[in-house]
Each structure stands twice: as structure tokens, then as C-alpha cells.
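Report on one structure; see the data block that follows.
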Amino acid sequence: MAAAKNQNSPANARRAKLEEARRKERARERRGRLITIGASVAVVLALVAGGGYLVYQANQKEEAAKAPISGERTWKDLKQGHVETKVDYPMNPPVGGDHSQVWMNCNADVYTQEIAKENAVHSLEHGAVWVTYNDKASEADVKALTEKVKSTPYSLMSPVKDQKEPLMLSAWGKQVTVDSATDGRVGKFFSKYVQGPQTPEPGAACTGGLDK
């Protein structure tokens with residue numbers, strides 16, 4: 001009887017409760033550690049997956065830059081002299097050759113009047129893409145391309161009334177005629193040639209020149 005009474009004493013009951021509380025606390029700590037480990041593993045896996053995706057995107061972009069653009073025309077060995085006279089360019093709009101010593105501002109600049117081709121060519125030498133259009137271009141296309149240029153440093157836009165096609169894109173030594181502002185070649189041309197590998201003077205200024 002004494003042994004049974006001893007086992008049921010208040011002291012023993014308190015110890016039992018304390019042990020039970022400690023057991024539950026250890027269980028909670030184990031669960032917490034497992035959750036923390038699981039979350040850490042998930043973060044690492046997400047970072048690895050994200051990094052892999054970024055590498056994949058970079059590779060895709062590099063491959064796209066190497067891919068030819070349908071209908072693109074190329075000129076090589078273009079002169080780069082500075083002149084103070086008008087230049088008779090063999091292509092219209094011009095994509096290179098002798099040009100004015102002052103460039104046309106091309107920091108997302110849109111001109112609603114024609115600009116001197118000699119100044120625009122200097123902008124191409126600095127790595128700009130020049131969007132041009134004539135009177136046959138639709139208002140919707142002109143508006144959409146205006147928005148594109150206004151959001152793209154190292155680009156400029158202006159009308160060229162005597163060009164053969166309604167919408168044309170030019171870079172140094174490169175040119176393509178596009179069907180509309182939604183033509184997939186527009187994005188490709190910008191991605192490939194804004195400060196692209198064709199640029200004779202990469203990083204040269206697109207501000208501080210003429211602005212009209």
C-alpha cells in the first residue's frame with residue numbers, strides 16, 4: 001500500500017507532467033528542425049531551378065542574336081569619314097558611310113519631321129537602330145513603333161518620305177523592311193542591333209548631338 005501511495009503522490013504527478021511537457025517540447029523542436037530543413041532544401045532547389053532557367057534564357061537570347069533575320073540586307077566595308085557636305089548614299093535610308101561629325105540624338109528620340117541623313121548615319125555608328133516610315137505607313141503602325149522607340153535607348157525614329165517601303169529598320173550595315181509594327185522581325189532587329197556587334201563605336205553617346 002505504501003508503494004502504491006508513493007507512486008500516486010503529488011510530487012510524482014508533477015514529475016510526470018514535467019516529463020510529458022519536455023517530451024512534447026522535444027517533439028516540437030524536431031518538427032521545427034524538419035520544417036526548417038525542408039524549407040531550406042526547397043529554397044535551394046528553387047534557386048538552382050531559377051538559375052538554370054536564367055542560363056537557358058541567356059542561351060536562347062544568344063542563339064536568337066546569331067540567327068539571321070528574314071529579308072535582312074547587309075552592307076560591309078562602309079566608310080566612316082566625317083564630312084560637311086551632303087552624301088550620295090547607295091541605299092535609302094542609308095545604313096553607313098561618310099557622315100556628319102555631329103550625330104542625331106538617339107536616346108529614344110522620335111522626330112516627326114525629316115532629319116538629315118548624314119546626322120542619322122552618325123547615330124548608327126554609335127549603335128543606334130533607326131526606324132523610318134513614309135506616307136504609306138498606317139497611323140497605328142507609326143504610333144506603335146513610336147512607343148517602341150520611346151522605350152528603347154539607342155534608338156531613333158523619323159519619316160523618310162522618299163524611301164521605297166512604308167516601314168524600314170536600319171542599323172550600321174543592316175536593314176530590313178517590315179510589314180507592320182507587330183512583325184516579329186521588329187523585336188528581333190532591336191534585340192540584335194541596339195548596341196549590337198555591328199556597332200563601329202559601341203558605347204559612344206546618343207545624347208549631346210542634334211535634337212531637331
Side-chain angles (χ1 to χ4, degrees), residues 62 65-137 141-142 145-178 181 183 185-212:
E62 186 176 347
K66 292 177 182 177
I69 296 174
S70 176
E72 177 185 282
R73 297 178 293 282
T74 299
W75 290 263
K76 296 181 179 179
D77 301 321
L78 296 167
K79 294 181 179 180
Q80 291 178 246
H82 288 172
V83 296
E84 296 181 359
T85 58
K86 290 285 185 181
V87 179
D88 184 18
Y89 292 107
M91 74 293 287
N92 187 38
V95 298
D98 290 338
H99 51 269
S100 171
Q101 63 181 346
V102 183
W103 57 90
M104 206 73 201
N105 283 345
C106 46
N107 189 34
D109 289 281
V110 174
Y111 303 95
T112 57
Q113 301 295 321
E114 289 201 62
I115 59 178
K117 294 171 182 176
E118 292 78 12
N119 299 111
V121 169
H122 197 154
S123 302
L124 302 186
E125 186 182 44
H126 289 190
V129 163
W130 184 20
V131 178
T132 56
Y133 60 96
N134 64 19
D135 294 339
K136 295 179 182 178
D141 284 333
V142 172
L145 289 170
T146 294
E147 292 173 356
K148 174 72 172 175
V149 170
K150 283 185 174 180
S151 64
T152 309
Y154 281 95
S155 73
L156 70 162
M157 180 174 176
S158 71
V160 175
K161 292 181 180 179
D162 61 347
Q163 69 181 33
K164 286 181 63 177
E165 304 296 337
L167 299 170
M168 300 176 74
L169 309 181
S170 303
W172 185 270
K174 305 289 182 179
Q175 190 171 82
V176 68
T177 297
V178 295
D183 190 319
R185 292 174 294 174
V186 173
K188 290 180 181 178
F189 198 90
F190 271 76
S191 296
K192 193 170 185 177
Y193 295 126
V194 169
Q195 287 288 286
Q198 85 294 339
T199 305
E201 298 179 4
C206 248
T207 58
L210 292 182
D211 58 5
K212 61 180 179 178

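All values derive from a computational prediction rather than experimental measurement.
- Shown here for Cys206 and Asp109, the closest heavy-atom pair between the two residues is O-OD2, 4.5 Å.
- Between Ala171 and Gln198 the shortest heavy-atom distance is CB-NE2, 3.9 Å.
- Taking NE2 from His99 and CD from Gln80, the interatomic distance works out to 6.5 Å, rounded to the nearest 0.5 Å.
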Stepwise, does the side chain to side chain contact (heavy atoms under 4.5 Å, CB included) test hold for Asp141 with Tyr133? CA-CA 9 Å; Asp141 284 333; Tyr133 60 96; over 6 Å; no

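- Note: His82 and His122 have tilted aromatic rings, judged against thresholds of 30 and 60 degrees for the angle between ring planes.
- At distances below 3.5 Å, at least one donor-acceptor pair connects side-chain atoms of Ser123 with backbone N or O atoms of Met104.
- Heavy-atom minimum distance, Val95 versus Leu78: O-CD1, 3.7 Å.
- No donor-acceptor distance shorter than 3.5 angstrom exists from the side chain of Asn107 to the backbone of Pro153, with no hydrogens or angles considered.
- With hydrogens and angles ignored, the 3.5 Å screen pairs a side-chain donor or acceptor of Glu118 with a backbone N or O of Val87.
- Here the options are Asn92, Thr132, Asn134, the test is side-chain hydrogen bond (donor to acceptor under 3.5 Å, both in side chains), and the partner is Gln163; only Thr132 passes.
- By the side-chain hydrogen bond (donor to acceptor under 3.5 Å, both in side chains) test, Ser100 pairs with Asn119, sequence neighbours left out.
- Counting only residues at least two apart or in different chains, side-chain hydrogen bond (donor to acceptor under 3.5 Å, both in side chains) contacts with residues 202-212 are absent.
- Applying the ring-ring contact (aromatic ring centres under 6.0 Å, His included) definition to pairs two or more places apart or across chains, none involves residues 145-169.
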List the steps, then state whether side chain to side chain contact (heavy atoms under 4.5 Å, CB included) holds for Trp130 with Cys106. CA-CA 8 Å; Trp130 184 20; Cys106 46; over 6 Å; no

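- Ring geometry, Trp103 versus His126: the interplanar angle falls from 30° to 60°, so the pair is classed tilted.
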Please lay out, stage by stage, how Tyr193 and Leu124 fare under the test side chain to side chain contact (heavy atoms under 4.5 Å, CB included). CA-CA 10 Å; Tyr193 295 126; Leu124 302 186; over 6 Å; no

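- Nearest heavy-atom pair, Asn105 versus Tyr111, reported as atom, atom and distance to 0.1 Å: O-OH, 2.8 Å.
- Sorted by first then second residue, the side-chain hydrogen bond (donor to acceptor under 3.5 Å, both in side chains) pairs that include residues 166-175, not counting sequence neighbours, are Arg73-Gln175, Thr74-Lys174, Ser170-Gln175.
- Asp98 contributes a side-chain N or O that, together with a main-chain N or O of Gly81, makes up a donor-acceptor pair within less than 3.5 Å.
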Would Lys148 and Val131 count as a side chain to side chain contact (heavy atoms under 4.5 Å, CB included) if you check the C-alpha gap in whole Å, the side-chain angles of each, and the deciding distance to 0.1 Å? CA-CA 10 Å; Lys148 174 72 172 175; Val131 178; over 6 Å; no

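- Under the rule for a salt bridge (Lys or Arg N to Asp or Glu O under 4.0 Å), the partners of Asp183 that lie at least two apart in sequence or sit in another chain are Arg185.
- For Asp162, the salt bridge (Lys or Arg N to Asp or Glu O under 4.0 Å) partners two or more places apart in sequence, or in a different chain, are Lys117.
- The CZ atom of Phe190 lies 8.0 Å from the OG atom of Ser151; values are rounded to the nearest 0.5 Å.
- The distance from the CG atom of Leu156 to the CD1 atom of Ile115 is 5.0 Å, given to the nearest 0.5 Å.
- In plain terms, the two heavy atoms of Val121 and Gly97 that are nearest each other are CG1-O, 3.8 Å.
- Of all heavy-atom pairs spanning Ala181 and Leu145, the tightest one is CB-CG, 3.8 Å.
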